[in-house]
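Down below is the structure, laid out as structure tokens.
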Amino acid sequence: MNTDTRSMVRITVNGKVHEQQIDHRSTLLDLLRETLRLTGTKKGCDHGQCGACTVLVDGQRVLSCLKLVVTLDDASVVTIEGLDTDGVHPLQEAFVARDALQCGYCTPGQVCSAIGAMDEARRGWPSLVTPDLANAEVELSTLSREEIRERMSGNLCRCGAYPSIVDAIEDVARQDANGTV
Amino acid sequence: MTSTNQAVTRLDGPDKVTGRARYAVEYGANDVAYAWPVQATCARGRLDRAETDAALAVPGVLDVLTHENVLRLHADGEISPAHMGALPDLLLLQSKDLVFRGQLVAAVIAETPEAAREGAAAVVVVTEAEHARLELTVGDDEAIVPDITNDLSPGHVARGDADRDFADAPVRLDTTYSTAANFAMPMEPHAAMATWDGDRLTVHASDQGPPWTAMTLAGLLGLPPSNVEVVAEYVGGGFGSKAAPRPPIMLAVLAARLVGRPVKVALNRQQSTSLTTYRGPSRQRIRIGAGTDGRISSVIHETTGQTSRLTTYADQTVSATRLMYRAEHCRTTTNVLPLDVPTPAWVRAPGEAPGMFALESAMDELAVQLGMDPIELRVLNEPETDPESGLPFTSRNLVSCLRIGAERFGWSDRRPEPGATSDGRWRLGMGVAAATYPHYLFPSTATARVDSAHRYTVRIGAADIGTGARTALHQIAADALKVPMSDVRIELGRASHGSAPFAGGSMGTASWGAAIESACRELRRRISAGGGIPDEGLEAGAETLEVMTPSNFSRHAYGAHFAAVRVDRDTGEVQVDRMLGVFATGRIINPLTAKSQAVGAMIMGMGMALMEAAEPDTRFGGFVTQDLAGYHVPAHADVRDIDAMFLTEEDPNLGPIAGRGVGEIGIVGTAAAITNAIHNATGIRIKDLPVRAENLLLRVAVKAGER
């Protein structure tokens, strides 16, 4: 019986490959914050209830506090620090312009979640509030505020920046012409 | 063109949206260790011992902090006067008495967070449990009327003879309300990293007031104040819960001392519910005596709250009642019942938020009883001077807030009879409530420097917990220096920058801004007196004094909340369609960030009205709702059309900055506007917060006469 409590894991974070022994109990969130010192990803509840730790794993939004690193062999992770290597992502600019943040602690999770949500809409994925699930017509550039709110409801903001966050996402979604954002 | 009074985007926005902004435990330290709390599982009793052998055997565990090896604290040391109530909870492991469930009984310190947590689970805590009193009841023999409540007003205040006037009044309303306990639940849970260097201590803390926290830590540790640095450059919200140092900070300090290494403590949500305070529940009774014309002659407001065995804490639940309306006779009484519960303390507008829910609901009830419009009832009872003190208001403008808000919100579309408006299954309604919050100012220090290249640096010890203070103070500094903002760098969030009040009481920008303005003006004077800037630069400091405003005025902010709700006839579900807040808060330094704060507070008020309940565990102690799946706060889907606006006000009697602060008034009265709207939609008067769908379920249809 193998009683080793660690395993070798190869994981790519923001384009950089890390190959290291991982404690089986380690979450992706703790790996990012404590080991890799990428502290932009926040720990709000460590329980999958607040969304502050949202990152993109293989292109999809994931709660990093609920993901054990040992399950992520060969996965590619993008965090708030790696969204745009050329500078600042348009969504990050929109958050500042719309004052879509106060304390800032939920903000990286909101931004990563919004990027994931916009990508889901671009693929035509419906949500709970999409009128006709069988014949859903979902387009990012015409996504309603109600749709944005529904799709972002996994990301809590205790300062209550919600209306401005929806403004910021709407601004960027409106500019979307077939995936230019 | 000035920098103030402009909608400037948040100075720290770029750092926050990119993840560069560093919060308490995000600072690196060589050799850092992690501490995990072990908490009492009984609500009352005595600690016998903590058995640590199994924990010490866990790989990676360094040591276990217990009552036997903990540093002895100087309980009588000089601490910040603002922290007297917080003090007993900071005396970690100094006594074997257990007074609430969740109290710290040990902590495991390890190389990794995983090992610390595993070690904590292995500690065996032996206690002698005793019968605990856990339930808040009204009229209990053990309840006391405290000498002072949190705003320093007495527990019993009377003018005239309200009880006699009420007994004889032609129109009488006698009604009771209750509010649930609420958690602040900032997005960043309480956290700290402590680093000792000999007898010098540095704490990176999630804290609303680094200078005062440093002073209190120094006092309790027996250190000179200059030996303690507290850094809080970014704080992930606090809402009052971080306005005093709480146990997590002291735990990091004591654990770091024990192992001789930097130690991080980051609480999870469950631990936060017992170790970081909460807004206590309230049981309130209001009696209003009026004439048949609606003129109020007497108001009696009584409240009962709970406190812990450690300290007598009482919210100022009834204070606003004494000045809201013209009533010749008024009595307010605060009762507080000590229980074996965690210590309640400050959460955003402590007292005003639950108290104004009751008063403003009662005003709505009185309006219904009189057959009057609730806005007209308030206008009719508008006082000319502060009814409590007799002093003139610096400005009030409550009537303007009500009138302008009514116009903007479309109040004239409201039909006064309940249940008159519907949209399919939905019953629609509108409600209004007034708001108030006191104007506080506190002495502060600040420094301003200029170097030979004309670059300015302004320093203050205060923290920006998300309020936008960093940006507003930057604007104030630029204007006082008469230079563009780009020439000024602002540094805050460090105790060593000098004494400054905490971010709380809606007093930050006005108090800190006054010190910064003064320091900047002094620097300009020195620059012109010296005929230029020497190579080594110039520096000026300022310390504002206690008396910055004329004392012969009543200084408060006022506002009006409007809400439009819909209630599902079949399920009792409530949705808030629209909210508008109109506030008279003096000068607004930055309309963009001020509006964000007001809207955010209104959303928290919506949470208080519709979902937030910290449910006490009346069998075992502490709270049943221990995380964000049990303690519900508003999410994106709950928040639709919410708007806030500020009246243009010039008020020369508010002090140098002439602003009253906007952090708290947005949550005062909000819940009443929503529940008054529910009454208008359904005819059901909500008496207990939060609103529960089951309370509206059958009654909606019954009231509408359809069952």
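Side chains are part of it too, since the values below use all heavy atoms of this structure and drop only hydrogens, waters and symmetry mates. Chain letters run A, B, ... following the sequence lines, proteins first, then strands; residues in each count from 1. Fair warning: this is a prediction, and the values are worked out from it, not measured in the lab.
- Heavy atoms of B:Ala21 lying under 4.5 Å from chain A belong exclusively to its backbone.
- For A:Asp23, the part lying near chain B is the side chain, with the backbone staying farther off; criterion is any non-hydrogen pair under 4.5 Å.
- B:Arg10 contributes a side-chain N or O that, together with a main-chain N or O of A:Leu101, makes up a donor-acceptor pair within less than 3.5 Å.
- Of the atoms belonging to B:Arg117, it is side-chain heavy atoms, and not backbone ones, that fall under 4.5 Å from chain A.
- In this structure the side chain of A:Glu34 never reaches within 4.5 angstrom of the side chain of B:Glu114, judged on heavy atoms.
- Contact of B:Pro186 with chain A is made through the backbone alone, with heavy-atom distances under 4.5 Å.
- The heavy-atom pair separating A:Tyr162 from B:Ala635 by the smallest distance is OH-CA, 3.5 Å.
- B:Tyr631 touches chain A through its side chain: at least one heavy atom from C-beta onward sits under 4.5 Å away, while N, CA, C and O do not.
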Self-check item: side-chain contact (heavy atoms from CB on, under 4.5 Å) between A:Gln102 and B:Met187, worked out
Solution: CA-CA 11 Å; A:Gln102 291 182 46; B:Met187 289 308 297; over 6 Å; no

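- Heavy atoms closer than 4.5 Å to chain A are found in the side chain of B:Tyr34, but not in its backbone.
- For A:Arg33 (side chain) and B:Glu26 (main-chain N/O), no donor-acceptor pair under 3.5 Å exists by modelled atom type.
- When heavy atoms are compared at a cutoff of 4.5 Å, A:Glu93 does not approach chain B at all.
- Heavy atoms of B:Ile465 lying under 4.5 Å from chain A belong exclusively to its backbone.
- Heavy atoms closer than 4.5 Å to chain A are found in both the backbone and the side chain of B:Thr593.
- At most 12 heavy atoms of other shown residues, nucleotides or ligands fall within 6.0 angstrom of atom CD in A:Glu137.
- Put simply, the side chain of B:Glu188 never gets that close to the backbone of A:Tyr105: no donor and acceptor are under 3.5 Å apart.
- In this structure, no portion of B:Lys595 lies under 4.5 Å from any heavy atom of chain A.
- Using a 4.5 Å cut-off between heavy atoms, B:Ala266 does not touch chain A at all.
- Contact annotation for B:Gln597: both backbone and side-chain heavy atoms come within less than 4.5 Å of a heavy atom of chain A.
- Considering every non-hydrogen atom in both B:Gly237 and A:Cys103, the closest pair reads N-CB, 3.3 Å.
- Note on A:Cys159, A:Pro108, A:Gly48: by heavy-atom pairs under 4.5 Å with chain B, the leading option is A:Cys159.
- When all heavy atoms are compared, the tightest approach of A:Arg158 to B:Ala184 is NE-O, 2.8 Å.
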Practice problem: List the steps and the verdict of side-chain contact (heavy atoms from CB on, under 4.5 Å) for B:Thr18 and A:Gln92. | Solution: CA-CA 7 Å; B:Thr18 53; A:Gln92 290 169 311; 3.9 Å; yes

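- Contacts between A:Ala97 and chain B at a heavy-atom distance below 4.5 Å involve the backbone alone (N, CA, C, O).
- Contact residues of residues 36-45 of chain A toward chain B are A:Arg37, A:Thr39, A:Gly40, A:Lys42, A:Lys43, A:Gly44, A:Cys45 (heavy-atom distance under 4.5 Å).
- Scanning both residues, B:Ile603 and A:Pro163, for their nearest heavy atoms gives CD1-CD, 3.8 Å.
- The interface of residues 54-79 of chain A with chain B, defined by heavy-atom distances below 4.5 Å, is empty.
- Among the candidates A:Val96, A:Val166, A:Asp99, the residue making the largest number of heavy-atom pairs closer than 4.5 Å to chain B is A:Asp99.
- Heavy atoms closer than 4.5 Å to chain A are found in both the backbone and the side chain of B:Val639.
- By the 6.0 Å contact criterion, CD on A:Glu139 is open, its count of non-hydrogen atoms from other residues, nucleotides or ligands being 12 or less.
- Across all non-hydrogen atoms, the minimal contact from B:Ala629 to A:Gln49 is CB-NE2, 3.1 Å.
- When atom types are taken as modelled, the side chain of A:Thr107 and the backbone of B:Lys16 share no donor-acceptor pair closer than 3.5 angstrom.
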